[in-house]
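Report on the following structure.
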Number of protein chains: 2
Amino acid sequence: MNKSETILKSSSLSVTAGRKRILDIFLDANNALAHQDIEVKCSDKYDRVTIYRTLQTFLEKGIIHNIPTTDNSVRYALCNEVCISSGHHHDNHVHFRCDNCSKTICLDDVSIPSVKLPTGYSMNEINMVVSGICKTCKKVKVPV
Amino acid sequence: MNKSETILKSSSLSVTAGRKRILDIFLDANNALAHQDIEVKCSDKYDRVTIYRTLQTFLEKGIIHNIPTTDNSVRYALCNEVCISSGHHHDNHVHFRCDNCSKTICLDDVSIPSVKLPTGYSMNEINMVVSGICKTCKKVKVPV
DNA sequence: AATAAGAATGCAACTTTGTTGCAAAATACT
DNA sequence: AGTATTTTGCAACAAAGTTGCATTCTTATT
C-alpha cells in the first residue's frame, strides 16, 4: 500500500484512482498547487469537475490546506502529518510566494508570530504569506 | 471639491463619474470590498468592465490595496493617507475576516510582526489575515 | 467471489467571473 | 471652444466554477 492510499484510508475516504493520482501530484510537488496546476497534470484522465470535488473533499478532511492569494487563484498544499491525522488544521507556518517564479511554498519551520487583536475580536485562524525572491531564484538571478 | 475628487486628482487620474462613484463606495464602506460588492452597488450605472478597469487603476495608483482570501474573491480596501500620497504601498497592518458576518476589515492599529525567513529568501511584502469573530458579531451573538 | 448499497465520476448544461478590441463618449489641455 | 487623449460601454469571447443526473466504481456483507 503506497502513501497516497494510506492517507486516503486514514482519512476514511474511499480509494479511487482519481484521488490517488491527485494526492500523488501533491506528494510529488515541492510547492503549493492551484486548481489549474492539477488540471494541467491530469485533466486528460480525470474530469475538471472531479478535480474540484476532490480538492473540496481533501480540504474538508484536512489532507490539504489552502493558501490565500491576491490573484484569485487559491493554492493548496499538503498538510503535515499531525494535521492529517487529527482531522483538522494545525497549520501554523508561514507561506512564501516567489515574485520571480511564482511558486508558493510552505515554510514549515517558520511559525507565525502571534498578534494581539483589539478588544472585542476573537481569533480563530491566522494566515501569513510573505512574498519576495526564493532560494532557488536568488541563486539563478545574481543581483547586479 | 469633495474627497473622492481630491484623491483622484492627487493620484493624477482624470476625474470621471464612475471613478468618483466607486471611490465613494470605498469611502462609505467600513470594510473591504470584493469586485462583486461593488458591482452590486453600481452595475446599473457602470459597466462591469469599467469596474474591473477602475479597480485595476486604483491598485496601480496605490489608492486601494488588495487583501488575499482563500475563496477566490480578492477584496480591496482603501489605503491610508500616507499610502495614497506616496504612490506606493505602506500597508503594514493586519486584516481581519469575520467568520460570522464575512466582513473583512483593516486593523490599522495592528501592525504585522516581523518574521525571520530561512537563509536564501528575501522579503518583499508580508500579508497577514486573521479570521475569527469581530467586535460587532461578538456583541450580537452572546456565547452560550 | 458475488452482490447490493452507497459513493464517486463523467457528462452536459449552465452561471459566474474575467478579458479584449473597438467605436463612442467624456475629460483635460491650450 | 476645439482637439488630443482617456475612459467608457458594448459585444464577443475565454476561463473558472457549479449542479443534476445517469453510469461506474468501492466497499461492506454475505
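Chain naming here is simple, since letters A, B, ... match the order of the sequence lines and numbering starts at 1 in each. Small disclaimer: the values here were computed from a predicted structure and weren't measured.
Contacts between residues 32-41 of chain A and DNA chain C, defined by a heavy-atom separation below 4.0 Å, involve no residue at all.
Taking the centre of each ring, B/Tyr76 and B/Phe26 stay at or above the 6.0 Å mark.
Rounded to whole Å, atom C1' of C/dT27 lies 11 Å from atom NZ of B/Lys9. Regarding B/Tyr46, its OH atom lies at a distance of 12 Å from the C1' atom of D/dT7, rounded to whole Å. B/Leu55 places its CG atom 10 Å from the P atom of C/dG18, with the value rounded to the nearest Å. In this structure, the CD atom of B/Gln56 is 15 Å from the C1' atom of C/dT17, given to the nearest Å. Going from atom CG of B/Leu8 over to atom C1' of C/dT27 covers 13 Å, rounded to whole Å. Between the CD atom of A/Glu60 and the P atom of C/dA7 there is a distance of 14 Å, rounded to whole Å. Taking atom CG of B/Leu59 as the reference point, atom P of C/dG18 lies 13 Å away to the nearest angstrom. Look at CG on A/Asp47: it is 16 Å from P on D/dG20, rounded to the nearest Å.
Judged by distance alone, with hydrogens and angles left aside, the side-chain atoms of A/Asp28 form no donor-acceptor pair with the main-chain N or O of A/Ile25 at under 3.5 Å. Proximity of a side-chain donor or acceptor of B/Asn127 to a complementary backbone N or O of B/Ile67 within less than 3.5 Å is not detected. Panel note: side chain A/His35, backbone A/Ser73; no donor-acceptor pair is recorded below 3.5 Å.
Atom CG of A/Asp109 is surrounded by 12 or fewer heavy atoms from other residues, nucleotides or ligands within 6.0 Å.
Residue-to-nucleotide proximity on DNA chain D shows that, of B/Ile51 and B/Asn72, the 5′-proximal contact is made by B/Ile51. Nearer to the 5' terminus of DNA chain C, by closest-nucleotide assignment, is the contact made by B/Ser73 (compared with the other of B/Leu13 and B/Ser73).
A donor-acceptor contact under 3.5 angstrom links the side-chain atoms of A/Arg53 to the base of C/dG10.
Of the side-chain N and O atoms in B/Thr16, one or more sit less than 4.0 angstrom from OP1 or OP2 of D/dT8.
Nearest nucleotide to the A/Arg48 side chain, out of C/dG10, D/dG17, C/dT19: D/dG17. Comparing D/dA16, C/dC11, C/dA8 by their nearest atom to the side chain of A/Val49 picks out C/dC11. Set against D/dT19, C/dT19, C/dA28, the side chain of B/Ser14 has C/dA28 as its closest nucleotide.
B/Lys45 comes within 4.0 angstrom of sugar-phosphate atoms only, judged by non-hydrogen atoms across all strands, and of no base.
Under the side-chain hydrogen bond (donor to acceptor under 3.5 Å, both in side chains) criterion, no residue pair touches residues 43-53 of chain B, with sequence neighbours excluded.
Within the model, atoms CZ of B/Arg19 and CD1 of B/Ile63 stand 8.5 Å from one another, a figure rounded to the nearest 0.5 Å.
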